[in-house]
J.: 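Starting off with a structure, shown below.
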Amino acid sequence: MTEETFKSNRGVFDAVVFANKQIRQRFYRLGLEFSGDGAAAFAQTRPGQFAEIDLSDVKLPPKEEIAEDLQDSAERKVLLRRPFSFCDVISQRGKTRVEILYCALGPATLRMTTLSAGNSVSVIGPLGNGFQMPADKKTALLVSGGMGAGPLIHLAKAITTEYPQVEVTAFAGAKTKTELPFEKPLDEISRQLGFALHEFAMYAVESQLATDDGSIGYKGFVTDCFSQWLGQQRSLSANDTIIYSCGPEAMLARIAKIAEDKKIDCQVSMERMMACGIGVCQSCAIKCRVEGSDEMVYKLCCKDGPVFDSREVVF
Amino acid sequence: MTEETFKSNRGVFDAVVFANKQIRQRFYRLGLEFSGDGAAAFAQTRPGQFAEIDLSDVKLPPKEEIAEDLQDSAERKVLLRRPFSFCDVISQRGKTRVEILYCALGPATLRMTTLSAGNSVSVIGPLGNGFQMPADKKTALLVSGGMGAGPLIHLAKAITTEYPQVEVTAFAGAKTKTELPFEKPLDEISRQLGFALHEFAMYAVESQLATDDGSIGYKGFVTDCFSQWLGQQRSLSANDTIIYSCGPEAMLARIAKIAEDKKIDCQVSMERMMACGIGVCQSCAIKCRVEGSDEMVYKLCCKDGPVFDSREVVF
Amino acid sequence: MNETMDISIDFSRLKLANPVFTASGTCGYAEELADFMDVNQLGGFITKSVTVKPRMGNDTPRVVETDSGMLNAIGLANLGLEAFIQEKLPAISKLTVPVFVNVAGETIEDYVAVAQRLATEQAIAGFELNISCPNVAKGGLSFGTDPAQVTEITSAVKQAAGDKILMVKLSPCVTDISVIARAAVEAGADVLSLVNTFTAMVIDIESRKPVLANRTGGLSGPAIKPIAVYMVNKVFNEVTKERGIPILGLGGIRTASDAVEFIIAGATAVAIGTANFVEPNCAVKIIEGIKKYCDGKEIKNIRELIGSLE
Amino acid sequence: MNETMDISIDFSRLKLANPVFTASGTCGYAEELADFMDVNQLGGFITKSVTVKPRMGNDTPRVVETDSGMLNAIGLANLGLEAFIQEKLPAISKLTVPVFVNVAGETIEDYVAVAQRLATEQAIAGFELNISCPNVAKGGLSFGTDPAQVTEITSAVKQAAGDKILMVKLSPCVTDISVIARAAVEAGADVLSLVNTFTAMVIDIESRKPVLANRTGGLSGPAIKPIAVYMVNKVFNEVTKERGIPILGLGGIRTASDAVEFIIAGATAVAIGTANFVEPNCAVKIIEGIKKYCDGKEIKNIRELIGSLE
Ligand SMILES: Cc1cc2nc3c(=O)[nH]c(=O)nc-3n(C[C@H](O)[C@H](O)[C@H](O)COP(=O)(O)OP(=O)(O)OC[C@H]3O[C@@H](n4cnc5c(N)ncnc54)[C@H](O)[C@@H]3O)c2cc1C
Ligand SMILES: Cc1cc2nc3c(=O)[nH]c(=O)nc-3n(C[C@H](O)[C@H](O)[C@H](O)COP(=O)(O)OP(=O)(O)OC[C@H]3O[C@@H](n4cnc5c(N)ncnc54)[C@H](O)[C@@H]3O)c2cc1C
Ligand SMILES: Cc1cc2nc3c(=O)[nH]c(=O)nc-3n(C[C@H](O)[C@H](O)[C@H](O)COP(=O)(O)O)c2cc1C
Ligand SMILES: Cc1cc2nc3c(=O)[nH]c(=O)nc-3n(C[C@H](O)[C@H](O)[C@H](O)COP(=O)(O)O)c2cc1C
Ligand code: FES
Ligand code: FES
């Protein structure tokens with residue numbers, strides 16, 4: 001059901017780091033540039049697609065810079081590639097630049113933080129299927145939890161560029177203020193105007209924030225914030241609306257429920273531990289309903305997803 | 001029989017890289033600086049002693065810079081520390097700087113080449129027993145093969161400084177010109193004066209070169225060059241002379257034989273695969289004769305050596 | 001380098017262009033790899049395990065990374081024999097590389113059913129029996145750990161397999177792998193492949209639960225390579241050398257040097273598993289690297305290398 | 001953190017200050033480590049294997065690095081029982097930490113002789129039987145792979161060991177480690193330690209010879225950790241839990257998290273082997289880390305953690 005992507009273009013490419021910026025305590029934004037075939041392949045990247053990056057030979061940060069709770073797991077050498085989706089993709093003059101919002105939480109992502117401009121990494125992609133674009137919709141609602149914001153920022157850009165008639169609103173949640181993966185300081189005025197996040201405001205997309213502890217924005221789960229907001233939208237037609245969501249599975253399940261109750265189309269971007277990312281290992285199974293039957297099948301997050309119709313997924 | 005060293009000073013210390021220079025195709029010279037307790041411990045380092053360096057989290061050079069014959073072995077992640085001896089040790093104002101001459105030939109030494117000024121590495125040392133100094137000798141002859149030159153450069157400095165009455169001559173050999181681990185270009189004039197190598201000339205020590213293929217210096221094994229030179233020294237008294245040697249085991253065996261034939265004292269610095277470097281694992285056994293008996297025992301290269309009396313070692 | 005160097009091998013009744021396979025479960029049914037490598041460049045191809053009935057496989061997480069390795073507990077997820085024939089075989093029959101179907105099951109009858117049904121399929125060169133599966137009929141202990149069961153299952157499948165080549169894939173989780181290898185060979189195995197994965201566990205110390213939904217999984221990857229090399233050498237010396245039975249060696253191979261190590265230990269061919277996930281084109285690189293090695297060592301025929309350990 | 005946190009454990013008839021040992025063969029006879037760590041901070045100390053007669057050990061190379069592991073084939077090099085008593089025991093008797101002597105041999109009589117001779121030594125808390133040694137009297141197969149031999153050797157040493165604690169160290173190179181574990185426990189083992197190393201081989205593809213002079217060696221280090229955790233959990237569930245027999249878990253432990261993983265799997269204590277070579281003070285750091293973990297999880301008594309795998 002998700003958009004058909006240009007699979008024949010995918011491959012293993014080297015990318016050159018052009019930026020790697022710490023934006024919050026554990027959050028970073030990595031920029032990779034592709035040339036040649038890689039540039040052509042990644043120029044086609046749709047929001048929600050991902051890439052598998054080899055970080056095995058990237059060095060660790062010095063021990064004293066590694067958070068105490070990550071010191072032990074940092075000792076593990078990295079063997080497998082790691083999947084990351086994009087928060088931005090720009091193609092110009094034969095080069096394609098992609099940006100990844102990431103969180104340092106284990107051996108591979110800790111290594112990622114030491115990449116610096118000019119370093120080269122091996123990337124497989126673009127992989128999987130992205131979000132289906134809201135061609136026949138009037139409203140797109142983007143709900144993210146934690147790192148899930150990345151692909152939704154990319155999506156916000158794509159929708160506002162390609163479907164300017166669609167009204168987009170974004171919701172972003174996290175446990176607490178410091179775990180929001182956004183770069184720009186949030187100024188009070190913009191927030192009152194409904195533009196809490198610079199990353200979305202760039203595309204003239206209104207956004208709201210929620211933190212479990214209320215350290216900023218709505219106090220509570222982003223799903224509650226979203227649900228409350230939804231309840232207030234008298235003029236919203238379920239048929240003309242679509243929800244896009246990315247974040248922890250418990251949150252996606254909640255969003256799926258809200259969408260089902262309101263009969264709104266909903267796409268969720270799922271995560272699984274992945275060994276290959278290309279559909280050969282079967283490690284990334286997602287239990288799905290077979291339409292019109294009680295049967296269940298496993299689909300592959302890397303190949304059939306990572307974006308699924310929320311009705312399909314058995315949470 | 002080897003010099004007693006200040007064991008109680010040894011420990012695990014962090015050192016900061018102050019230089020890492022490529023001096024030939026595969027040869028590099030690494031400079032490490034210790035402060036505090038590390039500086040005190042390493043200030044005591046005697047020529048021939050060594051340290052165990054943790055290179056497991058140092059990054060590999062980019063693939064395209066790795067020699068083809070090392071690409072496969074470069075894939076192995078490094079677990080154990082690696083032993084290295086020093087070519088120079090300087091202690092000043094509470095800091096101790098040590099220099100290591102090394103050859104990139106496997107996963108750890110390839111990683112070593114990417115260290116740059118300011119990087120920190122963990123070092124255990126100083127370990128083992130160094131060369132016994134030629135207190136009662138008039139002539140010291142230093143014979144090295146390949147990377148064996150490192151500790152003999154350190155020894156040349158120590159002897160010329162501490163025992164200025166001892167005449168020192170050095171011999172260095174390698175397969176071919178490019179495998180000589182020396183930095184400075186060899187000028188014809190110095191060579192004719194007997195100072196083939198800047199590293200020894202610095203200490204006013206004469207030196208001769210040998211290459212198996214004759215690409216520079218004597219054509220043939222350094223042991224043959226040395227043996228021929230020895231034959232020409234009519235005035236040399238065996239009793240007043242000592243040979244120091246470091247290099248491949250086959251070469252050390254040959255030197256030991258020459259020393260035995262000529263009844264000259266001889267010390268050899270041995271190498272073994274080491275897991276611990278501190279005498280707990282027994283991996284670095286060296287088969288030795290028990291003086292005055294037919295019995296053999298294994299001594300430990302890391303603890304009883306790496307420097308041994310050549311008569312002791314069963315090659 | 002001599003670009004035309006011949007590294008073809010005799011592999012039971014087959015002649016293979018080179019000694020490099022991709023391992024079962026790490027290369028799908030070939031089509032998935034098409035964007036990344038030309039499968040026809042391989043010496044041989046082995047499918048994901050096929051069972052009589054479709055299997056959904058285990059819950060997730062099904063994999064977890066470990067030091068220089070990974071655990072998997074996929075649970076033999078596959079579309080089942082009939083769907084395999086309908087959906088996968090047509091594409092497979094277009095391949096020029098010899099294809100082996102990896103067969104799994106819970107009873108001997110399961111294995112026999114798959115082999116029998118596929119024995120007449122032109123597209124298939126042979127079978128690889130995955131005997132690391134638990135024998136449900138006999139209390140769930142793996143077929144592959146009991147020589148009597150290995151004999152039984154091998155002879156039964158041999159009969160069913162017609163003229164297809166029968167490869168039996170050994171589990172390393174046994175006291176003496178030669179005993180199992182001998183049982184397989186004496187019951188009619190044409191080829192032995194070893195090793196499968198080691199049963200292992202990773203615990204999440206935060207939740208105090210196993211990371212894998214299946215609790216345990218099979219350890220693969222470079223971590224196990226030295227054990228696999230030892231086992232290949234042991235089976236070669238004690239079982240296959242004198243009988244002229246080829247070994248397909250695998251376990252942690254990632255480079256041409258690794259592959260050469262297995263061949264020197266006694267493997268006639270090798271298979272690449274976990275490394276495919278990191279470098280999908282890895283097998284092709286390894287084929288090139290083996291050629292270079294032979295060239296550099298002036299080895300005219302790769303047969304000189306097989307089991308040449310001094 | 002609660003600096004006074006108590007992580008002491010009951011270890012058979014002993015009470016240990018904490019659950020961290022150093023593993024046999026990786027920490028000498030304690031004195032070698034003195035420059036790097038305070039051995040008395042350990043929960044327990046295990047010596048290098050002691051045999052009746054001195055053993056020179058194997059030729060070199062005796063070790064080689066592998067992916068996240070290493071092989072060793074030291075060949076039980078040790079100074080022999082008498083010299084051990086003369087030269088090492090005096091220093092050992094000054095330690096406050098309980099010391100276990102690892103015992104090895106080629107015949108059952110060898111083991112008994114060492115245990116008998118040391119059974120009256122005050123300085124020693126107990127023995128660890130290394131039953132991965134080949135039984136020369138029975139054709140060289142390892143004692144530890146045959147339950148009947150495990151029973152025999154364990155009961156024989158148990159008799160000789162007087163009131164010393166008898167720990168039996170299991171080899172992982174078996175089809176079902178619970179069978180061996182049960183044999184040891186039923187024959188009188190007070191504690192089981194697992195795992196020892198995996199037989200393995202590394203080949204030098206230049207010379208086409210095994211790297212180790214002994215050809216094969218034992219694989220240790222992080223590479224084997226997930227297999228060891230699985231085996232500890234299996235033995236705990238199937239053998240020791242109901243009998244209240246403690247397990248000393250080891251194999252690839254390098255961090256406090258690794259140690260906690262073994263404890264959750266069912267180990268009462270853990271031992272650090274290969275990691276000592278990289279970080280000689282590693283065990284002490286791990287003790288601190290375990291305290292921190294317990295503190296963070298509000299675990300009042302480390303016993304709550306033992307075998308707490310859900
Ligand atoms: C399609 C997809 C897109 C993703 N996009 C992003 C992104 O844009 N930014 C970002 O920061 N992260 C993203 N992730 C998650 C990212 O892959 C993991 O954070 C990363 O693999 C962690 O590796 P590590 O070695 O640092 O930590 P590990 O120690 O390997 O893992 C730390 C935690 O991450 C989980 N994890 C590990 N590997 C995976 C995996 N392959 N898939 C899912 N979870 C995993 C583990 O369960 C564990 O809890 C994405 C994952 C998927 C599947
Ligand atoms: C006391 C001592 C002092 C040394 N001093 C120096 C020095 O000053 N400069 C220098 O370049 N090298 C020195 N070495 C050798 C150095 O330790 C090895 O080159 C290094 O360990 C290779 O590691 P690697 O991972 O790069 O290669 P590996 O792939 O590990 O080994 C490459 C080759 O080096 C040999 N080797 C590996 N580890 C050891 C070891 N621990 N001991 C001996 N040989 C080994 C292997 O047999 C192999 O042939 C010394 C060794 C010893 C024992
Ligand atoms: C994800 C995954 C799935 C696997 N599935 C199968 C399978 O279906 N049947 C089988 O016989 N072996 C299977 N294996 C085992 C491999 O074929 C191979 O024996 C093992 O992984 C060791 O090789 P390696 O270390 O190169 O991966 C699987 C391995 C992995 C990693
Ligand atoms: C160099 C070395 C020597 C060893 N010697 C012995 C020994 O003498 N007796 C013994 O029972 N185990 C011996 N072992 C095995 C260890 O005690 C331990 O069981 C094994 O290494 C697994 O733990 P690790 O992965 O933490 O090293 C030795 C291990 C190594 C690495
Ligand atoms: S990650 Fe391998 S099939 Fe999806
Ligand atoms: S290297 Fe461990 S004893 Fe010498």
J.: Can you name the residues that form a ring-ring contact (aromatic ring centres under 6.0 Å, His included) with C:Y230, not counting sequence neighbours?
T.: none
J.: Counting neighbours of CG on C:N40 that are heavy atoms of other residues, nucleotides or ligands and sit closer than 6.0 Å, is the number greater than 12?
T.: yes
J.: Kindly compute the distance separating CZ (A:R272) from CZ (C:R62), expressed to the nearest 0.5 Å.
T.: 9.5 Å
J.: Whether A:R81 and C:E279 form a salt bridge (side-chain N of Lys/Arg under 4.0 Å from carboxylate O of Asp/Glu) is what I want to check.
T.: yes
J.: Measuring from atom CE of A:M274 to atom CZ of C:F277, what distance do you get when rounded to the nearest 0.5 angstrom?
T.: 13.0 Å
J.: Is it true that atom CZ of A:F221 has more than 12 heavy atoms of other residues, nucleotides or ligands lying nearer than 6.0 Å?
T.: no
J.: Do A:S56 and C:V278 make a side-chain contact, defined as non-hydrogen atoms from C-beta onward lying under 4.5 Å apart?
T.: no
J.: Let me see the working for C:T274 and A:L79 under side-chain contact (heavy atoms from CB on, under 4.5 Å), right down to the final yes or no.
T.: CA-CA 9 Å; C:T274 303; A:L79 174 69; 4.0 Å; yes
J.: Can you tell which part of A:E75 gets under 4.5 Å to a heavy atom of chain C, answering side chain, backbone, both or neither?
T.: backbone
J.: Under 4.5 Å from any heavy atom of chain A, what part of C:P222 do you find: side chain, backbone, both or neither?
T.: side chain
J.: Roughly how far, to the nearest 0.5 Å, is CD1 of A:I278 from CG of C:D35?
T.: 8.5 Å
J.: Going by residue number, which parts of residues 288-301 of chain A are within reach of chain C, meaning a heavy-atom gap below 4.5 Å?
T.: A:M296, A:V297, A:Y298
J.: How long is the span from the OG1 atom in C:T60 to the CD atom in A:E249, to the nearest 0.5 Å?
T.: 7.0 Å
J.: Within the structure provided, determine whether A:V280 and C:K48 are in side-chain contact (heavy-atom separation under 4.5 Å).
T.: no
J.: Which of residues 70-102 of chain C have a heavy atom under 4.5 Å from any heavy atom of chain A?
T.: C:M70, C:I74, C:A77
J.: Let's test your reading of the structure: which of C:A275, C:A30, C:G25 forms the most heavy-atom pairs below 4.5 Å with chain A?
T.: C:G25
J.: Tell me the closest heavy-atom pair linking C:E32 and A:G279, and the distance in Å.
T.: CG-O, 3.6 Å
J.: With a 4.5 angstrom heavy-atom cut-off, is it the side chain or the backbone of A:I286 that approaches chain C, or both, or neither?
T.: neither
J.: Who in residues 195-204 of chain C is close to chain A, using a strict under-4.5 Å heavy-atom cut-off?
T.: none
J.: Evaluate the side-chain proximity of C:N276 to A:C276: yes if any heavy-atom separation is below 4.5 Å, no if none is.
T.: no
J.: Please flag which part of C:V211 lies under 4.5 Å from any non-hydrogen atom of chain A: side chain, backbone, both or neither.
T.: side chain
